[in-house]
Every structure is written in C-alpha cells, then in structure tokens.
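Scroll down for the structure; my scribbles are underneath it.
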Amino acid sequence: VKNTTIAPSTRPHVIIVGAGFAGLRVARGLRGAPVDVTVIDKHNYHTFIPLLYQVATAGLEPEAIAHPVRRIVAAPNVRFRLASVTGVDLQQRRVTTDAGDFAYDYLVLAAGSVTNFFGLESVAEQATTLRELDDAETVRDRVLSSFEAAAAEKSPARRRALMTTVLVGGGPTGVELAGALAELRRHVLPRDFPELDVSQARILLLEASDRLLEAMPQRMQRKAFEKLRSMGVEVQLGARVTDADERGVTLSDGERIDAAAIVWVAGLRASPLAHALSDAPLGAAGRVIVSRSLNVPDHPEVFVIGDMAHAGGRDNPPHPMVAPVAIQQGGLVAESILRQTQGKKPRAFHYKDPGTMVTIGRSSAVARVYGVPFTGFVAWLLWLTVHIVWLIGFRNRALVLVNWAWNYFTYERGVRLIRRRR
Ligand SMILES: Cc1cc2nc3c(=O)[nH]c(=O)nc-3n(C[C@H](O)[C@H](O)[C@H](O)COP(=O)(O)OP(=O)(O)OC[C@H]3O[C@@H](n4cnc5c(N)ncnc54)[C@H](O)[C@@H]3O)c2cc1C
C-alpha cells in the first residue's frame, strides 16, 4: 500500500474521513494523544451548515461560514489530506482515495449525508439543493437571476412565474429559508427592482405531511405556520411534489405551480460512502447500522458516526441527523479509540438532546431547549447566541456579527451577487 500520509511510526494511525461536525470533534479529541491522526476531506474547509440558508438568501458571504480544516485541527500529531474517499477495504484496513491509498489502524467514517430526492429524477434535475456551500451560492444565483429575468419580461404571467420560488420540505431548513426569502422580498428586492411589482412575487413552502417542523411540539408548529403566513409565505400542507420541469413543479393532485426557482430541502440520506463498507448493514436513509459503541459489526477498529450512522442496531430508532448528535458521537469515539489503545472496552453512546431552534426571519424564532419551549424575540436571541458560539473561528464570528448587525439596522443584504448566471 502506498501510504502517503505519515512517516513510519509505531503509534496507531487513525484515519478520519470527513471534517464536518463529527469528524472534527474526533480530531480535536485526539490532539496531543499518543496516536497519529489523518483527517481526509474533499474540501479544505469545514462548512457551518446551519447557516447555509443565510448564504442562499444573500445575508452572509460564503467565507463567513467556512473555515480551513488545517487551521482547526492544527496539532503535531494531526495531518490533513485534501482528497475524495472512494472506498474502504475492511480486511486490508485501507482507505482508497483519488489521491492514493491510506492504511489505518482505526478508521472513523464521518462523511455526512447527501440530498434525498426519493427517486424523483425530474425533480433532481431541476431543483437546487442546500447541503454544501456551493449549493447555497447556486440558490442565491438562481433566485436573483430569476428576478433579473423578470425585470426584462413582457408577459405578466411569465413575469410572476419568474418571481416565484418554490421550497419543498417543511422542516427547519424549509422554514428558515422561507422566512429569510420573505424578508428579502419585503425589504430589499423592492428597492433593487423599482421596475417590478415585487408584491406579486410568490414564495411557496410545500410540505407533504400535515405539519411543519415535525420534531417540534405542536404549539411551535402552529407558531411557525402562522408566522410564515403573516410574512406572506404560501404554506401548503399535504402538498406532495411528484414532477418538475424547467417551468415549475407538479403536485400529486395534478396542481401545477409555475416557478423559476425550485429548492428541494425535503430529505437527506447517508453519504454514498456507506455502500463502500461491504460487510456493514444499512438502515433507513442508507445509514450504516453500527453498535451502541458506534463501530461496524465485527470491526471494533471501524467507527461510523454523524449523519452516516444508525446507532444501536436496527431495532433502535435512528438519531436525528443534527449537529449535536454528530458532535457527541465524535467526542465518544475519540475517547473510545484511546481506551482501545489501552486495552479497554469502548463505551456505549447515549444522546443528550439539547433541543431544536428554528429562526423565522427577523427577531422571531421557535426553540425547545432541554425541553423548555421559547418563542418570539427571546427564542431569536437564544438562536443568535448559540450560532455565534458554535461557529468556528474568531474571524467568522466577527464577520457574521457585523453582517447581522448591518442587516438588522439597515434592512440591507450586502451579498446580492450573481456569480454564475443561469
Ligand atoms: C441546510 C441544512 C441546515 C441544517 N441546520 C442544522 C441546524 O440548524 N442545527 C443542527 O443541529 N443541524 C443542522 N443540520 C444538520 C447538520 O448539518 C448535520 O447533522 C451535521 O452536519 C452532520 O455532521 P457530520 O459530521 O455527520 O457531516 P457533515 O458535517 O456534513 O460533514 C461531512 C464531511 O465529509 C466530507 N465528505 C463527504 N464525502 C466525502 C468523501 N467521499 N471524501 C472525503 N470527504 C467527504 C464533506 O466535505 C464534509 O466536510 C442542517 C443540515 C442541512 C443540510
């Protein structure tokens, strides 16, 4: 095996695939430990995914929510490799990448998730997604380009379609996107496009089930629904998208909605890398079924964590795909690897749910923190504080705070750039 990573060493070599919330937590937990660590990611930066929607709605520049991995994991025993992992050989203990093979003693797979279109190919072709930094820029480009096209359009019907954005999926991302887009439409676009009657612009939030924010208490679901409606978002529950083309979407009951921008935020599934583990069983959403201590059956040296993992066996309900699960699992796995190097057994994972927060535009949010519900301005302040604390890097925190303060007091959105015109 060509091991391009480290000089020969007698210390165990830990490979971590993915510098997301889970992988970085493992790397940080192993800093200064008697192991050599290689973090591999296809990007040289970590993305703070919870704020992608703000990049998508011109509230933040992409750089404000990304941070170089090398800077985050800097430690004498930790190395970074920029590479896409393509396979894992569990028998030979080797990882295959587009930049060579790497041998490991311990492997942590934390490659996250990808958008799930549930087999709707036409939708996958037409819709934009929101999972990576590039996606967020694409959504922004698409919404703003459509308004530019509307400004040049003669037909009123076509003009209205060009000013219509369809968001599919009433989970936290759909709700946050809808709120932020409604504010863009209210405060920013009318000034930018004096030639357009922006009050004609439509934002539709389509949800297949009978409620928004499934994981939230009913009272919060209602609050979110009412708040979005009061902001002029057309929320449609029980609306299942079955088809899409370049002019819009079709619902299961045959209704047709003409729209220039379709954003699909209706589901995620585990990274396709899950299939590389030939011996490992897969559960719902293609997540790898791992033991309570988060390792692949019969492979105590291989851990799968974060969005990729379904912990505790098939009969255990999967944990939600959220950052706190990924971070807590990363902490446990760093500890487990060190315990195993000392001949001790790994411990079982127990999730401590800190709750959920969803912001709905300016000064408004719904939150459940350790079981206690919050709404309105207090929830929004909590949301703000938690996201600033979570963000990695002082520079990013400063950038985000300055942007938010600027947007808040001026009703502006500084990043209304179309970088790739469709
Ligand atoms: C739009 C959106 C908003 C969200 N908002 C919230 C929120 O507000 N709060 C919350 O708790 N959760 C939120 N989540 C969920 C949360 O982001 C995930 O649960 C979390 O990121 C999972 O962490 P992870 O480490 O498993 O994966 P990720 O953080 O996605 O990290 C995976 C890493 O693996 C890398 N990678 C992938 N494939 C390969 C490969 N083949 N080779 C090399 N590297 C690879 C990726 O580049 C990435 O850096 C949101 C998710 C989305 C999509």
Report all side-chain donor-acceptor pairs from residues 323-334 shorter than 3.5 Å, counting only partners two or more places apart or in another chain.
residue, atom, partner, partner atom, Å
Gln328, OE1, Lys352, N, 2.9
Gln328, NE2, Lys352, O, 2.8
Gln329, OE1, Gly306, N, 2.7

Non-hydrogen atoms of [X] and [Y] that approach each other most closely:
X: Met216; Y: Thr356; answer: CE-O, 3.6 Å
X: Glu207; Y: Arg211; answer: CG-O, 3.3 Å
X: Val290; Y: Ala309; answer: CG2-CB, 4.1 Å
X: Val78; Y: Val73; answer: CB-O, 3.6 Å
X: Val123; Y: Trp264; answer: CG1-CE3, 3.5 Å
X: Ser155; Y: Arg158; answer: OG-N, 3.0 Å

Heavy-atom donor-acceptor pair, [X] side chain to [Y] backbone, under 3.5 Å:
X: Thr97; Y: Thr86; result: no
X: Arg70; Y: Phe80; result: yes
X: Asn77; Y: Leu30; result: yes
X: Arg159; Y: Leu196; result: no
X: Thr359; Y: Trp380; result: no
X: Asn396; Y: Ala66; result: yes
X: His310; Y: Asn316; result: yes
X: Ser293; Y: Asn295; result: no
X: Arg71; Y: Tyr45; result: no
X: His67; Y: His46; result: no

Next on the checklist: Set out, in order, the CA-CA distance, both residues' side-chain angles and the distance that settles side chain to side chain contact (heavy atoms under 4.5 Å, CB included) for Val17 and Val88, then state yes or no.
Outcome noted: CA-CA 11 Å; Val17 178; Val88 177; over 6 Å; no
4.5 Å side-chain heavy-atom contact, [X] and [Y]:
X: Asp135; Y: Leu52; value: no
X: Leu251; Y: Gln236; value: yes
X: Tyr104; Y: Val302; value: yes
X: Val358; Y: Glu176; value: yes
X: Arg31; Y: Arg28; value: yes
X: Val233; Y: Lys227; value: no
X: Glu132; Y: His43; value: yes
X: Leu109; Y: Val288; value: no

Checklist entry - Will you find, in the side chains of Ser145 and Asp141, an N or O donor that is under 3.5 Å from an N or O acceptor? => result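 No, no side-chain donor-acceptor contact under 3.5 Å.
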Checklist entry - Looking just at side-chain N and O atoms, do Thr38 and Arg79 make a donor-acceptor pair shorter than 3.5 Å? => result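 No donor-acceptor contact under 3.5 Å links the two side chains.
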Checklist entry - Which residues pass the salt bridge (Lys or Arg N to Asp or Glu O under 4.0 Å) test with Asp258, sequence neighbours left out? => result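 Partners of Asp258 under the salt bridge (Lys or Arg N to Asp or Glu O under 4.0 Å) test: Arg256.
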Checklist entry - Which residues pass the salt bridge (Lys or Arg N to Asp or Glu O under 4.0 Å) test with Glu61, sequence neighbours left out? => result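 Residues passing salt bridge (Lys or Arg N to Asp or Glu O under 4.0 Å) with Glu61: none at all.
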[atom1] of [X] to [atom2] of [Y]: how many Å apart, nearest 0.5 Å?
X: Arg368; Y: Thr375; atom1: CZ; atom2: OG1; value: 14.5 Å
X: Asn407; Y: Leu60; atom1: CG; atom2: CG; value: 7.0 Å
X: Arg287; Y: Leu282; atom1: CZ; atom2: CG; value: 12.0 Å
X: Thr242; Y: Phe118; atom1: OG1; atom2: CZ; value: 14.5 Å
X: Phe117; Y: Arg269; atom1: CZ; atom2: CZ; value: 9.5 Å
X: Leu162; Y: Glu153; atom1: CG; atom2: CD; value: 6.0 Å

Checklist entry - Which is it for Leu167 and Val263 under the side chain to side chain contact (heavy atoms under 4.5 Å, CB included) test, yes or no, and what are the steps along the way? => result CA-CA 5 Å; Leu167 309 172; Val263 189; 3.8 Å; yes
Checklist entry - Has Glu214 got more than 12 heavy atoms of other residues, nucleotides or ligands less than 6.0 Å from its CD? => result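 Atom CD in Glu214 is not crowded, with 12 or fewer foreign heavy atoms closer than 6.0 Å.
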Checklist entry - Could you go step by step and tell me if Ile257 and Leu206 meet the side chain to side chain contact (heavy atoms under 4.5 Å, CB included) rule? => result CA-CA 11 Å; Ile257 301 168; Leu206 309 181; 4.1 Å; yes
Checklist entry - Honestly, is Arg362 close enough over Tyr408, meaning NZ or CZ under 6.0 Å from the six-membered ring centre and within 45° of the axis? => result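 So Arg362 does make the cation-pi contact.
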Item to check | Candidate pair Phe303 and Ile337, rule side chain to side chain contact (heavy atoms under 4.5 Å, CB included), full reasoning | outcome: CA-CA 9 Å; Phe303 298 88; Ile337 290 173; 3.7 Å; yes
Item to check | side chain to side chain donor-acceptor pair (under 3.5 Å) pairs, two or more places apart, involving residues 107-124 | outcome: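 Those involving residues 107-124 are Ser113-Arg131, Ser113-Asp307, Ser122-Asp243.
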Checklist entry - Any side chain to side chain donor-acceptor pair (under 3.5 Å) pairs touching residues 180-199, not counting sequence neighbours? => result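 Sorted result for residues 180-199: Asp192-Arg416, Asp197-Ser199.
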List the atom pairs, with distances to 0.1 Å, where a side-chain N or O of residues 385-394 and a protein N or O form a donor-acceptor pair under 3.5 Å, not counting sequence neighbours.
residue, atom, partner, partner atom, Å
Thr385, OG1, Leu381, O, 2.7
His387, ND1, Trp383, O, 2.8

Checklist entry - Can you say whether the rings of Phe147 and Phe193 are parallel (under 30°), tilted (30 to 60°) or perpendicular (over 60°)? => result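 Phe147 and Phe193: tilted rings.
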